[in-house]
J.: 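First, the structure itself, so that you have it in front of you.
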There are 2 protein chains.
Amino acid sequence: MRAGQGKGSEKSALRYQEIEAWLREIILTGRPGQALPSEVEIAANFDVSRMTARQAVLNLMREGLVDRRRGAGTFIAKNPLHRREGVLLSFSEDMKRRGLKPSSIMVSGKKEIATSEDRNALGLKDPSSVIVIKRIRLADGTPLALERVALLAQCFAVLDEDLENGSLHAGLRKIGFQPTLASGWLKARLATTQEARKLDLPSKSPLLVETRVIEDQNGVAIEYTETAYAANRYVVDIKLNCAPAVIAPFSAAPIAPA
Amino acid sequence: MRAGQGKGSEKSALRYQEIEAWLREIILTGRPGQALPSEVEIAANFDVSRMTARQAVLNLMREGLVDRRRGAGTFIAKNPLHRREGVLLSFSEDMKRRGLKPSSIMVSGKKEIATSEDRNALGLKDPSSVIVIKRIRLADGTPLALERVALLAQCFAVLDEDLENGSLHAGLRKIGFQPTLASGWLKARLATTQEARKLDLPSKSPLLVETRVIEDQNGVAIEYTETAYAANRYVVDIKLNCAPAVIAPFSAAPIAPA
DNA sequence: ATACTTTAAATGTCTATACCAATTCTAAAG
DNA sequence: CTTTAGAATTGGTATAGACATTTAAAGTAT
């Protein structure tokens, strides 16, 4: 019996995360529709309880990487290539999952006066400065998106990190900020002439624009990002459960706590 | 001790669903940021194990309705108003949540030869027929989107329903199909001249295009829909949890199952 | 008042087990 | 050969605990 995680000596490898990583490997090399090991098999292989194996599989299901059918099994999702839902991925992580090599071309990175949108998103007062980072984002060497990041001024230390090959979020974690939650929205617009040139597109091409606000571990908005993807090269996937038939008719509720 | 769900006599009310409904009530009437009962309190109130209470709360977290902070507690999410995440909304339901009155102008609705995309999405053989419904979707009387729906031929009875004022999904449920799951994706493209005219836009305006495949209760794909929104009038919101810290460096993997 | 320590509370991880529900496979019966 | 009944498999729900980790509050000493 080994209640808790017991080990402690190792840095942090949680059991279900190990299992997740292992399954991700299988998914990456496997074919859509292919059956994955059952919960019982996973539990036996890793010498964990079935509930722990289950947690790993459910996490992958939440990400849309696998489909599950009761009685039948767990299968690699139909189109696990372009997936994305439930989990916010940084550009780097998003590309890695799609099997592409992410990189960046730094356009600029310095302190600037915050725009009204920056101030609104980050909750700043009227005359404020923010760290603005502009990058061209590449996948396997092909320009895919233009990114403009506005960070709180106290994050200036990230400018010392390698933002061409490394991940911005990794850099933020290194200096003590833990990106944890985000709200965002998607819209479409036309590329300006300069934008089209940077992305190697015909002028007035459509862009798929993702805007998002990211908070740190304390619920403070630290990052406001606009990423403009070349629409002909990028698709955002959503995997959803259909709206419930009813919002749950309710009766005989237990006593509400204080 | 009451392993399993025990009751059986009632139709189906699962414990964690009851708890979910109860919490939804609290969330609906409460303020953002407000603390919700802890897992232990919920478990005590409903006389269930903590893991069962936990499942309910985790489901709500998956929908972005609550935020959780380890050591602190569970709280009503910051902006539970503009949601659209985790739950697939039909155009009608989506508009209602945004406080707009949805309506439609029927363009056509008849049996047609399936395109290759229709066949691919619905899993049909080469020469096949599908029911194609084309509508202009309005919000408060303003044209917002163009919709093309391809349905399995055996759904032809929906053509008798009122598709200008009523919901297509409601019609499908009436004739015995229960839309339950969907995968979809978002992309952007330019409007054709005809499309721009129908949406009252300048030609070559950008469109935000949502494509989705919907399955019935048996996992059969029954609907393939493309909805092209006027990008200047429509935004898709997403609410997400941040990606896990690492993609998990991996070593010493257990033996892979057959 | 400020800074530190202790303590309680809350979520996170994990175990080991049980039964239910749906699916799939297999073997017996027709 | 087909059908059918049953067994085995697989995911879904649920229990009752244990320990870990983080946070916030209360208390204490400076």
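We name chains A, B, ... by the order of the sequence lines, and we start the count at 1 in each one. FYI, side chains are in, hydrogens and waters are out, and symmetry mates aren't considered; it's all heavy atoms of this structure. Please read all numbers here as calculations on a predicted model, not as lab measurements.
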J.: For the residue pair B:Phe91 and B:Leu168, establish whether any side-chain heavy-atom pair is separated by less than 4.5 Å.
T.: no

J.: Output yes when at least one side-chain N/O atom of A:Ser49 is less than 4.0 Å from OP1 or OP2 of C:dT17, else no.
T.: no

J.: For A:Glu117, I'd like to know if atom CD has over 12 heavy atoms of other residues, nucleotides or ligands within 6.0 Å.
T.: no

J.: Name the residue closer to the 5' end of DNA chain D, choosing between B:Gln55 and A:Ala72 according to the nucleotide with the nearest heavy atom.
T.: A:Ala72

J.: Measuring from atom CG of A:Leu186 to atom NZ of B:Lys187, what distance do you get when rounded to the nearest 0.5 angstrom?
T.: 14.5 Å

J.: Measure from CG on B:Asn59 to P on C:dT11 and round the result to the nearest Å.
T.: 15 Å

J.: Just checking A:Phe75: does its CZ atom have more than 12 heavy atoms from other residues, nucleotides or ligands closer to it than 6.0 angstrom?
T.: yes

J.: Rounding to an integer number of Å, can you tell me how far B:Glu39 CD sits from D:dA20 P?
T.: 18 Å

J.: May I have the distance from A:Leu23 (atom CG) to D:dG11 (atom P), rounded to whole angstrom?
T.: 11 Å

J.: Would you kindly compare A:Arg70 and A:Ala53 by the position of their nearest DNA chain C nucleotide and give the one closer to the 5′ end?
T.: A:Ala53

J.: Tell me the interatomic distance from A:Asp47, atom CG, to C:dC14, atom P, rounded to whole angstroms.
T.: 13 Å

J.: Toward the 5' end of DNA chain D, which comes first, A:Gly71 or A:Met51, by nearest nucleotide?
T.: A:Gly71

J.: Checking all strands, does B:Arg54 fall into the base, sugar-phosphate, or nothing category for heavy-atom contacts under 4.0 angstrom?
T.: base

J.: Can you check the B:Arg68 CZ to D:dT23 C1' distance for me, whole Å?
T.: 14 Å

J.: Going by the angle between their ring planes, with limits at 30° and 60°, are A:Tyr224 and A:Trp185 parallel, tilted or perpendicular?
T.: tilted

J.: Report the distance from atom CG of B:Leu14 to atom C1' of C:dA21, rounded to the nearest whole Å.
T.: 11 Å

J.: Side-chain N or O of A:Arg50 less than 4.0 angstrom from OP1 or OP2 on C:dT17?
T.: no

J.: Between B:Tyr16 and D:dA14, is there a contact of a side-chain N or O with OP1 or OP2 at under 4.0 Å?
T.: no

J.: If I take atom CD1 in residue B:Ile19 and atom P in nucleotide D:dT13, what distance separates them, rounded to the nearest angstrom?
T.: 13 Å

J.: When the distance from CG of B:Leu60 to P of C:dT11 is rounded to whole Å, what number comes out?
T.: 13 Å

J.: Hey, does the side chain of B:Arg69 come within less than 4.0 Å of D:dT22's phosphate (OP1/OP2), counting only N and O?
T.: no

J.: Measure from the side chain of A:Ser38, starting at C-beta and using heavy atoms only, and say which of D:dT10, C:dA10, C:dC14 lies closest.
T.: D:dT10

J.: Tell me whether the OP1 or OP2 atom of C:dT15 has a side-chain N or O from A:Arg15 closer than 4.0 Å.
T.: no

J.: With respect to the phosphate group of D:dG11, does any side-chain polar atom (N or O) of A:Thr74 fall under 4.0 Å of OP1 or OP2?
T.: yes

